[in-house]
Number of protein chains: 2
Amino acid sequence: MLSRKCKYAIRAVLFLSVECKDGCKLKGGREISDSLKLPHAFTGKILQQLARQNIISSAKGPGGGFYLSDDNRKKPLIKIIEAMGDVSVFSSCGLGLSKCSDTQPCPIHDSFKTCRDELLQLFSTKTISDLSEEIVKSNLSLVR
Amino acid sequence: MLSRKCKYAIRAVLFLSVECKDGCKLKGGREISDSLKLPHAFTGKILQQLARQNIISSAKGPGGGFYLSDDNRKKPLIKIIEAMGDVSVFSSCGLGLSKCSDTQPCPIHDSFKTCRDELLQLFSTKTISDLSEEIVKSNLSLVR
DNA sequence: AAAATAAAAGTCTATTTAGTCTTTTATTCT
DNA sequence: AGAATAAAAGACTAAATAGACTTTTATTTT
């Protein structure tokens, strides 16, 4: 569905959202990748990319790291997906036709579009803070 | 969602199902890839793989090519997806966690699973002949 | 039997995605 | 100011996917 990069990104952001809550202690790239059992160098790249696109925030130097501002927390998951360049899955044809549409549908268009839209709905409505709360409340997993 | 290979495979099979109906004229690999505007060598590989796994039928020599037996037509689309090795999307976690399950869910497990299952349902119920009929009846597109 | 045809099979190349490693830049602490 | 820390940036490597090219094998037609 989503690329590995994108899934790593979502997990990293959700990790930040639950781990550095109000006291807002920063988390280093190393700690993030170690906690989530992700390849650290690759995760570093992803974190940078997220920071550059204002999905997460960062601070250099000793005591620095990544964190989420209040503004960051308000964003829906789809923003992460957009930042990672994976957003086209929610608009493209299930059989790969470039011109597939309601007026010129492929053989599975209708039912496929329904599912695709539900998924888009999910990622567009759930914000980082929404999920953060659910994770804490129901002890949901981000690792393995 | 599905790999390019898998999408090509589905389109090729559906093409065969509508193009060589009852008179059962065979279609060569070249004609298939040309009609669907797919890379011919790659399409050839895919057709072979489908034939080897009894999703489609083939005949060598002059006048030979690919076709669908009555038995082939009865199969649901998921069989094509299985043959192309893409079937895991319908069981794997939306965030890439290997241990995600109903009892140990990831943050988006429930709603993601719902969509995933709907999609699986779609591909498991629609057979090649079902879709073939719909394609003819509603003039649905397989190209572009 | 020989020629022609078309799938089967195998090897090879290109592109994309995933991932590492090294250097630079900004910040903080002594 | 200098040392240490940690992100930013860039160049590089590995693996997977997509795709091409060549040879072989089976079948049909002359």
Side-chain angles (χ1 to χ4, degrees), chain A residues 1-13 16 20 25-34 36-69 72 81 83-89 92 96, chain B residues 1-13 16 20 25-69 72 81 83-89 96:
Chain A
M1 248 292 289
L2 299 173
S3 66
R4 223 180 279 190
K5 180 175 162 186
C6 190
K7 291 187 265 191
Y8 290 175
I10 295 175
R11 287 166 62 192
V13 173
L16 278 176
C20 41
K25 38 193 172 351
L26 310 202
K27 292 283 173 184
R30 196 82 199 204
E31 189 179 354
I32 297 172
S33 57
D34 283 352
L36 296 174
K37 310 237 167 104
L38 298 179
H40 42 275
F42 190 42
T43 306
K45 277 281 139 113
I46 292 169
L47 291 166
Q48 276 178 233
Q49 210 175 323
L50 288 167
R52 233 180 294 128
Q53 304 198 46
N54 295 308
I55 308 294
I56 66 177
S57 306
S58 66
K60 285 187 177 184
F66 299 93
Y67 65 97
L68 296 183
S69 68
N72 292 151
I81 299 173
M84 295 295 107
D86 273 28
V87 87
S88 64
V89 275
S92 52
Chain B
M1 248 290 290
L2 299 173
S3 66
R4 221 178 281 190
K5 180 175 161 186
C6 190
K7 291 186 262 191
Y8 290 175
I10 295 175
R11 286 166 62 193
V13 173
L16 277 177
C20 41
K25 36 190 173 354
L26 311 201
K27 293 283 172 185
R30 196 83 199 205
E31 189 179 353
I32 297 172
S33 58
D34 282 353
S35 305
L36 296 174
K37 309 235 168 105
L38 299 179
H40 42 274
F42 191 42
T43 307
K45 277 280 139 116
I46 293 169
L47 291 166
Q48 279 178 232
Q49 209 174 327
L50 289 168
R52 234 182 292 128
Q53 305 198 45
N54 295 307
I55 307 294
I56 65 177
S57 306
S58 67
K60 285 186 176 184
F66 300 92
Y67 66 98
L68 295 183
S69 68
N72 292 151
I81 299 173
M84 295 295 107
D86 271 28
V87 87
S88 64
V89 274

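Letters A, B, ... are given to chains in the order of the sequence lines, protein chains preceding strands, and every chain is numbered from 1. Only this structure's heavy atoms are used, side chains among them; waters, hydrogens and symmetry mates stay out.
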*Measure from the side-chain heavy atoms of A/Pro62 and tell me the nearest of C/dT28, C/dA18, C/dA8.*
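Looking only at heavy atoms from C-beta outward on A/Pro62, the closest nucleotide is C/dT28.
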
*Out of C/dT20, C/dA8, C/dA18, whichever nucleotide has its closest atom nearest the side chain of A/Lys45*: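 Output: C/dT20.
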
_Contact check, side chains of B/Met84 and B/Leu50, non-hydrogen atoms, under 4.5 Å_ =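 With C-beta onward as the side chain, the pair touches.
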
*asked:* For A/Phe66 and B/Tyr8, find the nucleotide of DNA chain D closest to each by heavy atoms; which residue's nucleotide sits nearer the 5' end?
replied: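 First, find each residue's nearest nucleotide; the 5'-ward one identifies A/Phe66.
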
Tell me: [atom1] of [X] to [atom2] of [N], nearest whole Å?
X	N	atom1	atom2	answer
A/Lys5	C/dT20	NZ	P	15 Å
A/Leu47	C/dA18	CG	P	16 Å
B/Phe42	C/dT11	CZ	P	18 Å
A/Asp86	C/dT16	CG	P	15 Å

Atom pair [atom1]/[atom2] of [X] and [Y] - distance to nearest 0.5 Å:
X	Y	atom1	atom2	result
B/Ser33	B/Leu47	OG	CG	8.0 Å
B/Leu16	B/Ile55	CG	CD1	12.5 Å
A/Lys27	A/Ile32	NZ	CD1	8.5 Å
A/Thr43	A/Glu31	OG1	CD	13.0 Å

*May I ask you to decide if A/Asn54's main-chain N or O and A/Asn72's side chain share a donor-acceptor pair within less than 3.5 Å?*
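Yes, A/Asn72 side chain to A/Asn54 backbone: donor-acceptor pair under 3.5 Å.
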
*Verify, without hydrogens or angle tests, whether B/Arg30 (side chain) and B/His40 (backbone) share a donor-acceptor contact under 3.5 angstrom.*
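A pair under 3.5 Å: no.
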
_Where chain B begins and ends its contact with DNA chain D, read 5' to 3' at 4.0 Å from heavy atoms_ =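 Taking any atom under 4.0 Å from a heavy atom of chain B, the span is D/dA18 to D/dT28.
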
_Least distance between heavy atoms, B/Phe42 atom then B/Lys5 atom_ =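 Nearest pair, atom of B/Phe42 first, then B/Lys5: CZ-CB, 4.0 Å.
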
*Looking at A/Ala51 and A/Phe66, what are the two nearest heavy atoms and their distance?*
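Reported closest heavy-atom pair: CB-CE2, 4.5 Å.
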
*Could you identify which residues of residues 28-40 of chain B place a heavy atom less than 4.0 Å from some atom of DNA chain C, listed by residue number, or say none?*
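Those residues whose heavy atoms fall under 4.0 Å from DNA chain C, taken from residues 28-40 of chain B in numerical order, are B/Gly28, B/Gly29.
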
*asked:* Which is more 5' along DNA chain C, the nucleotide nearest A/Leu2 or the one nearest B/Gly44? Just name the residue.
replied: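 This one resolves to B/Gly44.
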
_Earlier contact from the 5' end, DNA chain C, for A/Gly61 and A/Arg4_ =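 The residue whose closest nucleotide sits nearer the 5' end is A/Arg4.
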
*Base, sugar-phosphate, or nothing: which does B/Thr43 touch, judged by heavy atoms less than 4.0 Å apart?*
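Since no nucleic acid heavy atom lies under 4.0 Å of B/Thr43, the category is nothing.
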
